[in-house]
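Only one structure is covered here, and it is reproduced in the block below.
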Amino acid sequence: MLQQMYGRVRQFVRAVTQHMGEADHAFVRANLPAKALPLFYAMHPADQVHARNVAYTSRALAGERGLPEEQRAFLIRCALLHDVGRRKGDLDILGKVFAVLMMHYLPHASERLMEHEGRLGHALYVYRHHPAIGAALLREIGMAEEARIIERHHMADDMADAAGDRQVLRLLREADARN
């Protein structure tokens, strides 16, 4: 519990202090097709930084685990896109803090609040459903394989369709947990 709390505090500090540099933007452009860039840049800047960090960690993990180059590139795309369901205006840093605390400490109240109109209910809804929202956005631009991974990145490991998916999902989840 304490380690999880420490991780969340570290994540918050990173969100308010780190920014994307030109090298980071070049990395994003080099690893995403042009059609996916608007989705990446529609995320809140803190989520862009988080996705960048997850992608850098994914790249390192893929190298350590000997992932073939094609799967490595796929994993990095998925890491950069794994939170595109959370867009600027839907869930800012304080909204995410609120959603994390509510979902963890008051899950039943969170479920009821999601059913109501308003900013708080919307923030909780987006936080809970961002994998499905992101997957739908990716399917709209023809990135169905990435959508399949994004949709499952918060599900149990046995929800993956194929062995390759399981390896990519495991590495994406590990990289996400570290960031």
Side-chain angles (χ1 to χ4, degrees), residues 3-4 7-8 10-12 14-15 24 27-28 31-33 35-65 67-68 70-88 90-93 95-97 99-100 102-104 107 110-111 114 123-179:
Q3 185 177 12
Q4 184 181 19
R8 288 295 186 177
R10 192 183 83 202
Q11 189 177 31
F12 177 78
R14 282 178 145 181
D24 300 317
F27 175 78
V28 170
N31 286 284
L32 290 180
K35 64 186 176 183
L37 292 174
L39 293 179
F40 180 85
Y41 286 109
M43 289 190 295
H44 188 280
D47 285 326
Q48 292 174 26
V49 168
H50 168 70
R52 174 208 63 194
N53 291 341
V54 172
Y56 288 157
T57 302
S58 293
R59 181 177 60 181
L61 290 171
E64 290 170 12
R65 312 278 166 79
L67 204 64
E70 185 177 309
Q71 278 191 310
R72 189 177 304 191
F74 179 63
L75 172 61
I76 290 169
R77 281 194 310 277
C78 290
L80 288 169
L81 298 169
H82 79 281
D83 281 338
V84 296
R86 298 191 319 221
R87 296 185 262 187
K88 275 184 264 190
D90 282 338
L91 194 62
D92 61 10
I93 294 170
K96 186 175 177 186
V97 169
V100 167
M102 285 292 293
M103 293 290 194
H104 184 78
S110 299
E111 293 296 326
M114 268 191 271
L124 288 166
Y125 179 86
V126 170
Y127 180 77
R128 165 67 60 84
H129 297 286
H130 76 273
I133 295 167
L137 293 169
L138 289 166
R139 285 187 187 96
E140 286 177 14
I141 62 168
M143 296 183 74
E145 289 183 35
E146 290 82 357
R148 189 179 66 244
I149 297 297
I150 301 313
E151 194 163 43
R152 291 176 169 85
H153 82 277
H154 284 301
M155 292 181 179
D157 198 33
D158 60 349
M159 299 298 288
D161 293 333
D165 282 359
R166 279 192 291 276
Q167 189 172 20
V168 168
L169 274 166
R170 262 189 249 118
L171 292 175
L172 177 60
R173 289 175 182 143
E174 185 176 339
D176 195 18
R178 289 185 185 189
N179 290 283

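Of the N and O atoms on the side chains of His130 and Asp90, not one donor lies less than 3.5 Å from an acceptor on the other residue. His50 and His82 share a donor-acceptor pair across their side chains, judged by distance under 3.5 Å alone.
Environment of CD in Glu64: crowded, with over 12 heavy atoms of neighbouring residues, nucleotides or ligands closer than 6.0 Å. Around CZ of Phe74, the count of heavy atoms belonging to other residues, nucleotides or ligands within 6.0 Å exceeds 12.
Residue pairs meeting the salt bridge (charged side-chain N to carboxylate O under 4.0 Å, His left out) criterion with at least one member in residues 45-58, sequence neighbours excluded, are Asp24-Arg52, Asp47-Arg86. Annotation: salt bridge (charged side-chain N to carboxylate O under 4.0 Å, His left out) contacts involving residues 124-134, sequence neighbours excluded, comprise Glu111-Arg128.
With sequence neighbours excluded, no residue forms a side-chain contact (heavy atoms from CB on, under 4.5 Å) with Pro38. Taking Arg72 as the reference, nothing meets the salt bridge (charged side-chain N to carboxylate O under 4.0 Å, His left out) condition, with sequence neighbours excluded. By the salt bridge (charged side-chain N to carboxylate O under 4.0 Å, His left out) test, Glu140 is found to be paired with no residue, residues two or more places apart in sequence or in another chain being considered.
The backbone N or O of Ile141 lies less than 3.5 Å from a partner atom in the side chain of Lys35, making a donor-acceptor pair. Between the side chain of Arg152 and the backbone N or O of Arg148 there is at least one donor-acceptor pair closer than 3.5 Å.
Atom CZ of Arg173 sits about 11.0 Å away from atom CZ of Arg166, to the nearest 0.5 Å. One distance of note links CG of Leu80 with CG of Leu39; it measures 12.0 Å at 0.5 Å rounding. For the atom pair Leu67 CG and Ser58 OG, the distance stands at 10.0 Å (nearest 0.5 Å). Here Ile76 contributes atom CD1 and Leu172 contributes atom CG; the two are 11.5 Å apart, rounded to the nearest 0.5 Å. Considering CZ of Arg59 and CZ of Phe27, their distance stands at 4.5 Å, rounded to 0.5 Å. Atom CG of Asp176 is separated from atom CG of Leu171 by 12.5 Å, given to the nearest 0.5 angstrom.
The nearest pair of heavy atoms linking Leu81 to Met143 is CD1-CE, 3.8 Å. Shown here for Leu124 and Met102, the closest heavy-atom pair between the two residues is CD2-CB, 3.9 Å.
One finds no salt bridge joining Arg170 and Glu174 here, because no Lys/Arg side-chain nitrogen approaches an Asp/Glu carboxylate oxygen to under 4.0 Å. The pair Glu151-Arg139 meets the salt-bridge criterion, with a side-chain N (NZ, NE, NH1 or NH2) lying under 4.0 Å from an Asp/Glu carboxylate O.
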All N/O donor-acceptor pairs, side-chain side in residues 131-138, below 3.5 Å, sequence neighbours left out:
none

What's the verdict on side chain to side chain contact (heavy atoms under 4.5 Å, CB included) for Met43 and Lys88, showing C-alpha distance, side-chain angles and the deciding distance?
CA-CA 5 Å; Met43 289 190 295; Lys88 275 184 264 190; over 6 Å; no
